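Everything quoted here is computed from the prediction, not taken from an experiment.
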2 protein chains.
Amino acid sequence: MTETTAPEALLRGAGLRVTRPRLATLRALSAMPHAETEAVIAAVRADLGEVSHQAVYDVLRALTEAGLVRRIQPQGSVARYETRAGDNHHHVVCRGCGSIADVDCAVGHAPCLTPQADHGFVVDEAEVVYWGTCPDCARAAATA
Amino acid sequence: MTETTAPEALLRGAGLRVTRPRLATLRALSAMPHAETEAVIAAVRADLGEVSHQAVYDVLRALTEAGLVRRIQPQGSVARYETRAGDNHHHVVCRGCGSIADVDCAVGHAPCLTPQADHGFVVDEAEVVYWGTCPDCARAAATA
DNA sequence: CGCATGTTCTGGAACGAGTCAAGATTGATC
DNA sequence: GATCAATCTTGACTCGTTCCAGAACATGCG
């Protein structure tokens, strides 16, 4: 009932109903950050038994709209979800294996929020994706 | 035969064959930056007549691998392509209509290339997407 | 505690971007 | 001009995601 697991409070606070699939989805996401949809479905099923994929898709969308989870989808990857929402952090994506790691904003608070020429756009968010090679893949490439 | 249109030289320089569909694709992309695949196909067909979508997909992939065009794909959008490749610029995407504009790198040369904690990743590129509202959509929202 | 109500889950089908495979065609080289 | 290999055509197909209709469920009130 503290920080680690208060999914019920989170759901209620967001004005969402508290249901088994939603709790299981939140648990799954906090246990495995950057999980792709299929993995979430598998985790929820391992937790509850049979759950339709539709339910999970629906839950994920509801949670995303409520701001409880964040949807990320680097190029060439399927949709992934994470629970760290609203703290303006970014991601490093491995070109080799597609793994993702969290990175705090590079230059401070929201540096990227002020592009040079904004073409009249009202910018409200900057999203940064770092592309590179993860330690494992770098090691594999070095030995190969 | 100068800078504006030397697609042939570009293709040859990249070691690619010079074919009708490839030239038409390059022309289409330079005429309409950030074009999505479907629009590219339409433009190529308007130029050459019947061309299979498979050919365009293949051409776009070949050009992307050769570094002649860059593939971008903001969340919730289909793949788009642009000819400005290799100059480390970024994009502003409108949440309303999905339009995209170019933005030069915010803090200088390649600032974003040094995240705080890199988790051991070897980062070779930073991709920034600014989310906001374009002038048109902002105006529409203000009057509404 | 029991009921009415609106939301949520189930199951199945549909959709669209992108991919695969095999054969015909075309550009590059000699 | 002939030959070879890269490229295009055709058509089917996969995969992630979404839509639809009906049954099940959580919630608030009497």
Side-chain angles (χ1 to χ4, degrees), chain A residues 7-28 34-66 68-81 98, chain B residues 7-28 34-66 68-81 98:
Chain A
E8 277 198 38
L10 278 176
L11 289 172
R12 290 186 197 282
L16 294 173
R17 285 200 184 161
V18 180
T19 66
R20 230 77 45 74
R22 294 186 170 178
L23 293 174
T25 302
L26 282 176
R27 272 197 298 269
H34 313 129
E36 47 196 67
T37 313
E38 197 183 344
V40 176
I41 296 178
V44 171
R45 285 192 175 146
D47 195 345
L48 298 183
E50 265 312 300
V51 178
S52 69
H53 72 163
Q54 176 61 20
V56 179
Y57 271 103
D58 203 10
V59 166
L60 287 173
R61 178 160 41 177
L63 294 180
T64 303
E65 284 173 2
L68 297 185
V69 306
R70 184 170 154 200
R71 177 181 179 150
I72 56 181
Q73 183 169 26
Q75 291 197 198
S77 170
V78 298
R80 289 160 180 269
Y81 296 87
Chain B
E8 278 199 38
L10 277 175
L11 288 172
R12 291 187 195 282
L16 294 173
R17 280 200 191 163
V18 180
T19 67
R20 231 79 43 77
R22 292 185 172 177
L23 292 175
T25 302
L26 281 176
R27 271 197 298 271
H34 313 128
E36 48 195 67
T37 313
E38 198 183 344
V40 176
I41 296 177
V44 171
R45 286 192 175 148
D47 195 343
L48 298 183
E50 265 310 302
V51 178
S52 66
H53 75 162
Q54 178 62 17
V56 179
Y57 271 103
D58 204 9
V59 166
L60 287 173
R61 177 159 41 177
L63 295 179
T64 304
E65 284 172 3
L68 297 184
V69 306
R70 185 171 155 199
R71 176 181 179 151
I72 56 181
Q73 184 170 24
Q75 293 197 195
S77 170
V78 297
R80 289 159 181 270
Y81 296 86

Encoded 5' to 3' (Watson-Crick or G-U under 3.5 Å; [ ] crossing; | other strand), DNA chain C becomes ||||||||||||||||||||||||||||||
Distance (rounded to the nearest 0.5 Å) between [X] [atom1] and [Y] [atom2]:
{"X": "A:Leu68", "Y": "A:Arg70", "atom1": "CG", "atom2": "CZ", "answer": "14.0 Å"}
{"X": "A:Arg80", "Y": "A:Leu60", "atom1": "CZ", "atom2": "CG", "answer": "13.5 Å"}
{"X": "B:Leu16", "Y": "B:Arg22", "atom1": "CG", "atom2": "CZ", "answer": "5.0 Å"}
{"X": "B:Leu63", "Y": "B:Arg71", "atom1": "CG", "atom2": "CZ", "answer": "12.5 Å"}
{"X": "B:Leu23", "Y": "B:Leu11", "atom1": "CG", "atom2": "CG", "answer": "6.0 Å"}

Taking only residues two or more places apart in sequence or in another chain, which ones pass side-chain hydrogen bond (donor to acceptor under 3.5 Å, both in side chains) with B:Asp58?
none
Going by side-chain hydrogen bond (donor to acceptor under 3.5 Å, both in side chains), name the residues that satisfy it together with A:Thr64, two or more places apart in sequence or in a different chain.
none
Mark up nucleotides 1-11 of chain C, 5' to 3', with B wherever a protein heavy atom is under 4.0 angstrom from a base atom, S wherever such an atom reaches only the sugar-phosphate, and - elsewhere.
-----BBSSBB
Expressed in angstrom and rounded to an integer, what is the separation of B:Tyr57 atom OH from C:dA21 atom P?
18 Å
Within this structure, what is the CG-to-P distance between B:Leu11 and C:dT26, rounded to whole angstrom?
18 Å
Show the numbers, then the answer: is there a side chain to side chain contact (heavy atoms under 4.5 Å, CB included) between A:Val51 and A:Val56?
CA-CA 8 Å; A:Val51 178; A:Val56 179; 4.1 Å; yes
side-chain contact (heavy atoms from CB on, under 4.5 Å) with B:Val69: which of B:Leu26, B:Thr25, B:Val40, B:Leu10?
B:Leu26
Near A:Arg45 CZ, under 6.0 Å, is it more than 12 heavy atoms from other residues, nucleotides or ligands?
yes
Mark yes when over 12 heavy atoms from residues, nucleotides or ligands other than B:Glu38 sit less than 6.0 Å from its CD; otherwise mark no.
no
When all nucleic acid strands are considered with a 4.0 Å heavy-atom cut-off, which category describes B:Arg71: base, sugar-phosphate, or nothing?
sugar-phosphate
Mind checking B:Ala62 for me? I need base, sugar-phosphate or nothing, with any heavy atom below 4.0 Å counting as a touch.
nothing
Residue pair A:Ile72 / B:Gln75: nearest heavy atoms and the distance that separates them
CA-OE1, 3.4 Å
For DNA chain D, which residues of residues 36-44 of chain A approach it to below 4.0 angstrom with any heavy atom?
A:Thr37
Worked check of side chain to side chain contact (heavy atoms under 4.5 Å, CB included) between A:Gln73 and B:Gln73:
CA-CA 9 Å; A:Gln73 183 169 26; B:Gln73 184 170 24; over 6 Å; no
Contact boundaries of DNA chain D with chain B (under 4.0 Å, heavy atoms), 5' to 3'?
D:dA5 to D:dT10
